[in-house]
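In what follows, chains carry the letters A, B, and so on, assigned in the order in which the sequence lines appear, proteins first and then strands, with residues in each chain numbered from 1.
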There are 2 protein chains.
Amino acid sequence: MDEKNQFKKILKLDKINLEIFNSFTRDGKINYSKIGREHGVSHVSIKNRYENLIKKNIIKPSILVNFSKLDFKLAILLLELDSEAYENVKAKYSNCPRILFSFNLIGEYNHLLVFFAENLETVETIFNSCMLYNLKGVRKSNILIFGSLSEDLFLPLNFNQLDQQNENTPCGTCCKFCKSFIKEQCIGCPASKYYKGPLKIT
Amino acid sequence: MDEKNQFKKILKLDKINLEIFNSFTRDGKINYSKIGREHGVSHVSIKNRYENLIKKNIIKPSILVNFSKLDFKLAILLLELDSEAYENVKAKYSNCPRILFSFNLIGEYNHLLVFFAENLETVETIFNSCMLYNLKGVRKSNILIFGSLSEDLFLPLNFNQLDQQNENTPCGTCCKFCKSFIKEQCIGCPASKYYKGPLKIT
DNA sequence: TATATCTTGTTACAATTTGTAACTTAATTA
DNA sequence: TAATTAAGTTACAAATTGTAACAAGATATA
C-alpha cells in the first residue's frame with residue numbers, strides 16, 4: 001500500500017502474458033506446453049492464466065477479417081440525437097451485422113456508428129434508406145466516407161449475427177419492400193434471407 | 001461462368017468455415033478433430049482450411065482487449081492534410097501504440113485517427129503536444145471525444161509494439177522533454193522507457 | 001488435347017499436447 | 001485469526017495434432 005497508483009491492476013503485463021498474446025496473434029494458437037517450457041513454468045499454469053483472463057472478461061479471442069482483401073467499403077455516421085432517440089438507437093442496431101462499432105460521443109455529435117458495406121451503392125442505401133429514414137429524433141447528421149483502405153485492414157466481423165433465414169432484418173425492416181433493393185442498388189441485409197452479397201452462407 | 005457476379009469469391013462461408021470462426025470466437029480454440037467429427041470430415045481438412053485462410057491473409061486471429069474494463073479513453077482525430085503531410089502521417093504514426101486505426105477519408109477531412117489513452121489528461125496531451133504540434137501541413141483538424149464506453153468494448157491492441165526499452169517514441173519524440181509529461185499531466189508513451197501507466201511491462 | 005497445377009480432401013501412425021485431480025504456498029480480505 | 005483468492009506444482013490418461021503419402025476434381029496452360 002506504499003504506492004498510490006491511479007490505475008487498478010486489471011491486466012498484468014509480464015513476459016508470460018505478453019508471450020501468450022503474441023503467440024496467439026502470430027499463429028492463432030496457444031501451445032500451453034511450449035510457452036510453459038520456454039518460461040520455466042508448467043503447462044497448467046499457462047492454461048490457467050489464459051482461461052482466467054477470458055473468464056474475467058479482460059480479453060477475448062477473435063477472428064479478424066481483411067476488409068481490404070474483400071474490398072469492403074467503410075463509413076461513419078455521426079448523429080446528434082435527442083434524449084429519447086439516443087436511448088433507442090443502440091438497442092435498434094445492436095444486432096445489425098453491418099455496424100462494426102457504436103460509440104457515445106461528447107460534443108457536436110453524440111453518437112457515432114461505424115459501418116461497412118460490400119459496395120458503394122449499398123453504403124448509400126444504408127445511409128439513406130436503412131438508417132436515417134428509420135431514425136426518429138435526429139437533430140443533425142454527418143457522414144464520413146472512407147477512401148481506399150490500407151493494404152491490409154483487419155477488423156472484427158460478427159459472423160454469429162449472420163442468420164440468413166429471417167424474413168425481417170434485425171433492425172426490423174424487410175429488404176423486399178425497400179426501393180433500393182428492388183432497383184438492385186443494394187444487395188440487402190446480411191442477416192436476412194434476401195441478402196445476395198459475398199457473405200451469403202452456402 | 002454462367003453467373004455474372006460482381007464479387008470475387010475470396011471467403012467461402014459454408015457451415016464448416018462458419019463453425020471454425022464461431023468456435024474460435026467462443027473459446028479461442030479450434031479443435032480440428034471435434035469440428036471435423038461434427039461435420040463429417042477429417043481433422044486434417046479442418047486444419048488445412050484454417051491455415052490456408054491465414055496464409056492467404058484473409059483472416060487473422062487476434063486477442064481483443066476490454067477497453068471498458070481497463071477504463072481506457074478513446075478519441076478520434078480528424079485531419080485535413082495537404083498532399084505532402086498526407087503521405088507522411090501514416091508513416092510517422094505507423095508504429096504508434098496508441099493509434100488503433102488510421103483511415104483515409106474522402107471529403108471535408110482526409111484523414112482519421114482513432115487513438116486511446118489511459119486517462120483524460122493523457123488524451124489531451126496526445127491531441128495537443130504529441131500529434132498536432134508535431135504535424136506539418138494540417139489545414140484543419142477536429143476531435144471527437146468518446147463518452148462512457150459500452151459495458152464491454154473489445155478492441156485490438158498491438159502488444160508487439162510495446163517496446164519499453166526505447167529512449168524515443170516510435171513517432172520520434174522523447175517524453176523526457178515534454179512539458180505535459182514533466183508536469184505529470186501525461187503518463188507517457190507506452191512504447192518508451194518513460195511510460196508509467198497500466199501497460200507497463202513488469 | 002494433353003499436361004501441369006491448385007484445391008480440397010483422405011488414411012494411419014507416432015509424437016505431443018491437453019485435461020484433470022489433488023495438492024502447495026503466498027497474499028489478500030473479512 | 002480464519003477464509004478466500006491467486007498462482008503455482010506433479011503425474012497420468014485421454015485426446016489432439018503433425019506429418020507423409022496419396023487421390024480426385026477443377027482450372028489453367030502449352
Under 4.0 Å from OP1 or OP2 of [N]: is there any side-chain N or O of [X] that close?
{"X": "A:S42", "N": "D:dT9", "result": "yes"}
{"X": "A:R37", "N": "C:dT16", "result": "no"}
{"X": "B:R49", "N": "C:dG9", "result": "yes"}
{"X": "B:N31", "N": "D:dT17", "result": "yes"}

Checklist entry - What's the NZ-P distance between A:K34 and C:dT18, to the nearest Å? => result 11 Å
Next on the checklist: Mind checking if A:I30 touches a base, just sugar-phosphate, or nothing, with heavy atoms under 4.0 Å?
Outcome noted: sugar-phosphate
Checklist entry - Base, sugar-phosphate, or nothing: which does A:N52 touch, judged by heavy atoms less than 4.0 Å apart? => result nothing
Checklist entry - Is there a stack between B:H43 and D:dT16, judged by ring centres under 5.5 Å and planes under 30°? => result no
Checklist entry - Do A:R98's NZ or CZ and the ring of A:F115 fall within the cation-pi criteria of under 6.0 Å and 45°? => result no
Checklist entry - Between A:K196 and A:F181, is NZ or CZ placed under 6.0 angstrom from the six-membered ring centre and within 45° of the ring axis? => result yes
Checklist entry - Do the side-chain N and O atoms of A:D152 and A:N66 include a donor-acceptor pair separated by under 3.5 angstrom? => result yes
Item to check | Flag for A:Y194-A:Q164: side-chain donor and acceptor within less than 3.5 Å | outcome: no
Checklist entry - What nucleotide, of C:dG9, C:dG19, D:dG8, holds the atom closest to the side chain of A:S45? => result D:dG8
Checklist entry - Which nucleotide, D:dT10, C:dT10, C:dT17, lies nearest any side-chain atom of A:V44? => result D:dT10
Checklist outcome for this item: Assign each of B:N48 and A:K12 the nucleotide of DNA chain D bearing its closest heavy atom; nearer the 5' end lies the nucleotide of A:K12
